[in-house]
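Computed from a predicted structure; not experimentally measured.
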Amino acid sequence: MTEQELAFTQDELDEIERIKAKFPTNKAATLRVLWVAQEKYGHVKPEVQNLVADTLDLPRSHVHGVASFYTQYYKEETGTYVLDVCTCLSCQVCGGYDILHHLEDELGIKAGETTEDGMFTIQEVECLGACGYAPMLQVTNGVYANNLTKEKVDKLIENLRKGKKPEFESMVMRQNEKRKKELSQ
Ligand code: FES
């Protein structure tokens with residue numbers, strides 16, 4: 001899809017108006033509107049960032065700066081499942097790199113890459129606020145898989161291939177879901 005073909009639908013524009021109304025400036029609504037764009041396109045590549053900037057009447061450099069700062073925004077097309085492996089301090093001390101490297105070996109890709117079948121993308125990320133459950137990873141900005149071992153990682157991959165996600169939802173995730181609902185009202 002070319003940049004010229006990208007556009008929000010009227011429903012999405014209405015949602016964006018509702019989001020804007022909850023913030024003092026358009027700039028402050030950037031995170032939420034990037035999220036709307038990512039839910040629509042599955043990523044926020046530069047051309048999608050431009051759409052967000054133009055819709056909010058903001059400099060494209062601002063939106064690019066915000067999108068590039070957060071690993072939660074996908075700057076490339078991703079696999080069906082994005083596995084965010086935390087290697088920040090607590091997870092690192094508890095074997096986060098062993099988990100990351102095991103995952104890389106099992107899937108035959110490196111962090112930042114997507115499997116050929118388009119099923120998995122691995123990302124190495126900073127702290128996801130679940131240090132007490134280290135080492136952990138997040139599945140596609142959603143559920144967390146905690147207290148990981150290599151065996152648990154193998155099981156997780158096997159389950160994801162069958163479309164079965166881990167059931168544990170972190171408090172952070174529940175708060176995000178709650179905020180998302182509030183903003184859509
Ligand atoms: S260090 Fe991994 S969740 Fe905080």
With rounding to the nearest 0.5 angstrom, report the OH to CG distance, Tyr74 to Leu34.
13.5 Å
So do Lys40 and Thr9 actually touch side chain to side chain, heavy atoms under 4.5 Å?
yes
Any side-chain heavy atom of Gln72 sitting closer than 4.5 Å to one from Trp35?
yes
Is a side-chain donor or acceptor of Lys75 paired with a backbone partner of Ala67 at a separation under 3.5 angstrom?
yes
So, taking the atom named CZ in Arg32 and the one named CD1 in Ile16, what distance separates them when rounded to the nearest 0.5 Å?
13.0 Å
Does any non-hydrogen side-chain atom of Ile99 lie less than 4.5 Å from one of Thr149?
no
What one should report as the nearest heavy-atom pair of Pro135 and Cys91 is CA-SG, 3.9 Å
Mind checking whether Tyr41 and Leu6 have side chains closer than 4.5 Å, heavy atoms only?
yes
Is Phe120 close to Leu160 at the side-chain level, that is, under 4.5 Å between some pair of heavy atoms?
yes
Could you tell me the separation between the CG atom of Leu148 and the CG atom of Asn146, rounded to the nearest 0.5 Å?
7.0 Å
Results of salt bridge (Lys or Arg N to Asp or Glu O under 4.0 Å) for Lys155 - residues two or more places apart only:
Glu158
pair Glu77-Lys45: side-chain heavy atoms closer than 4.5 Å:
yes
Heavy-atom distance under 4.5 Å between the side chains of Glu15 and Val36, does that happen here?
yes
Side chains of Asp154 and His102: donor-acceptor distance under 3.5 Å anywhere?
yes
All salt bridge (Lys or Arg N to Asp or Glu O under 4.0 Å) counterparts of Glu113, not counting sequence neighbours:
none
Donor-acceptor under 3.5 Å (Lys27 side chain, Leu58 main chain):
no
Polar side chain donor-acceptor pair, Gln123 to Asp84, under 3.5 angstrom
yes
Could you measure the distance from the OH atom of Tyr133 to the CG atom of Leu128? Nearest 0.5 Å is fine.
14.0 Å
Nearest heavy-atom pair of Leu156 and Ala145: which atoms, and what distance?
CD2-CB, 4.2 Å
I'd like to know if Arg161 pairs up with Asp117 as an ion pair, taking the criterion as any Lys NZ or Arg NE/NH1/NH2 lying under 4.0 Å from an Asp or Glu carboxylate oxygen.
yes
Is there a donor-acceptor pair under 3.5 Å between the side chain of Thr121 and the backbone N or O of Thr78?
no
When you measure from the side chain of Thr114 to the backbone of Gly118, do you find a donor-acceptor pair of N or O atoms at a distance under 3.5 Å?
no
Do the side chains of Ile122 and Lys110 get nearer than 4.5 Å, heavy atoms only?
no
Using the test salt bridge (Lys or Arg N to Asp or Glu O under 4.0 Å), find all partners of Asp14 that sit at least two apart in sequence or belong to another chain.
none
